[in-house]
Amino acid sequence: MVAAGTGADQMLCADARAVEQVARTAFRARFESTYRQYAAVRLGSQDAVEAVAEAVWAQIERGWSGLLRCHSPAEGAWALLARAVEDCPVRPRSPLDRLPRPAVDTFLLRHCLGLDPDRAAETMGVDVAVFESLYRCVVPRPGHGNPSGIFG
């Protein structure tokens with residue numbers, strides 16, 4: 001004998017899975033190009049970019065339900081990408097390496113990828129004010145010195 005509501009419950013589960021798949025697909029469509037561009041700037045090697053990007057997207061897919069429980073799924077996904085790029089053995093070293101990675105990321109998103117602050121903050125999954133504060137660690141306002149030491 002089949003329990004009452006089983007068919008409806010199965011339909012709801014199928015609908016939830018379909019909605020989750022649409023959300024994952026939309027998320028990837030929104031951020032994949034930027035993630036790959038960022039990895040290309042940091043890694044320089046197209047083979048490394050492909051390997052890192054595919055590994056990160058696989059992690060995002062596997063951990064999607066956990067990312068959705070985060071305050072900012074985009075922030076969690078960005079952390080996966082940034083860590084994978086940072087840990088990539090072929091990543092060339094740079095004077096930027098002595099700065100905090102989130103601040104460096106703001107600089108790269110703005111100056112190498114050409115993103116405006118709103119889009120760059122969205123990509124990193126942070127508020128624009130947080131993004132701007134991190135950015136100012138690398139690129140000071142005129143007349144405020146050279147806090148990062150990379151411009152002098």
Side-chain angles (χ1 to χ4, degrees), residues 1-139 148:
M1 183 168 183
V2 175
T6 301
D9 290 344
Q10 289 174 346
M11 284 179 41
L12 285 174
C13 286
D15 287 347
R17 283 190 301 272
V19 167
E20 185 177 303
Q21 179 60 41
V22 167
R24 276 196 317 266
T25 300
F27 186 88
R28 187 168 184 161
R30 179 71 176 149
F31 295 112
E32 183 169 29
S33 174
T34 304
Y35 281 21
R36 285 180 181 274
Q37 290 172 36
Y38 168 82
V41 166
R42 297 287 315 269
L43 300 175
S45 159
Q46 193 56 39
D47 289 341
V49 169
E50 291 303 317
V52 166
E54 288 309 313
V56 167
W57 285 111
Q59 280 184 287
I60 290 170
E61 289 280 329
R62 282 190 310 273
W64 184 249
S65 61
L67 284 173
L68 291 179
R69 288 190 295 273
C70 293
H71 167 73
S72 169
E75 185 176 25
W78 181 261
L80 292 173
L81 172 68
R83 189 172 325 121
V85 167
E86 190 73 20
D87 293 344
C88 185
V90 301
R91 184 179 64 80
R93 300 303 172 235
S94 157
L96 294 172
D97 288 344
R98 66 177 193 238
L99 301 174
R101 194 200 72 237
V104 170
D105 291 349
T106 65
F107 177 79
L108 296 174
L109 290 171
R110 289 285 309 274
H111 294 281
C112 295
L113 275 63
L115 300 181
D116 65 53
D118 290 334
R119 176 73 169 118
E122 176 193 16
T123 298
M124 290 179 68
V126 297
D127 185 73
V128 175
V130 170
F131 179 89
E132 289 290 351
S133 178
L134 289 167
Y135 179 73
R136 292 290 167 217
C137 291
V138 178
V139 180
S148 66

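These values consider heavy atoms only, across backbone and side chains, with no hydrogens, waters or symmetry-generated copies.
Closest non-hydrogen pair, Gln59 versus Leu80, comes out as NE2-CD2, 3.8 Å. Across all their heavy atoms, Ala74 and Tyr35 have their closest contact at O-OH, 4.0 Å. Nearest heavy atoms, Arg42 versus Val85: CB-CG1, 3.3 Å. Between Met124 and Pro102, the shortest heavy-atom contact is CE-O, 3.8 Å. Minimum heavy-atom separation, Val90 to Ala48: CG2-CB, 3.4 Å. Scanning both residues, Leu109 and Leu113, for their nearest heavy atoms gives O-CB, 3.5 Å.
Side-chain contact between Thr123 and Arg119 is present, with at least one heavy-atom pair separated by less than 4.5 Å. A 4.5 Å side-chain heavy-atom check between Thr25 and Gln21 finds at least one atom pair inside the cut-off. For the pair Pro117/Glu132, a side-chain contact is recorded, criterion being any heavy-atom separation below 4.5 Å from C-beta on.
Looking only at distances, a side-chain donor or acceptor of Arg136 sits under 3.5 Å from a matching main-chain atom of Val139.
The aromatic rings of Phe131 and Tyr135 lie parallel to each other, their planes meeting at an angle below 30°, with 60° marking the opposite boundary.
Distance check, rounded to the nearest 0.5 Å: CD of Glu50 to CD of Gln46 gives 5.0 Å. To the nearest 0.5 Å, the span separating CZ on Phe107 from SG on Cys137 amounts to 13.5 Å. Residue Gln37 holds its CD atom at 11.0 Å from CD of Glu32, rounded to the nearest 0.5 Å. For the atom pair CG (Asp105) and CG (Leu134), the distance works out to 9.0 Å, reported to the nearest 0.5 Å. Here the CZ atom belonging to Phe27 is positioned 7.0 Å from the CG atom belonging to Leu67, to the nearest 0.5 angstrom.
Legend: residues meeting side-chain contact (heavy atoms from CB on, under 4.5 Å) with Val104, ordered by chain and number and at least two apart, are Leu96, Leu99, Leu108.
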Stepwise side-chain contact (heavy atoms from CB on, under 4.5 Å) test for Arg28 and Arg24: CA-CA 6 Å; Arg28 187 168 184 161; Arg24 276 196 317 266; over 6 Å; no
side-chain contact (heavy atoms from CB on, under 4.5 Å) between Asp97 and Arg91, worked out: CA-CA 11 Å; Asp97 288 344; Arg91 184 179 64 80; 2.9 Å; yes
side-chain contact (heavy atoms from CB on, under 4.5 Å) between Ile60 and Leu81, worked out: CA-CA 9 Å; Ile60 290 170; Leu81 172 68; over 6 Å; no
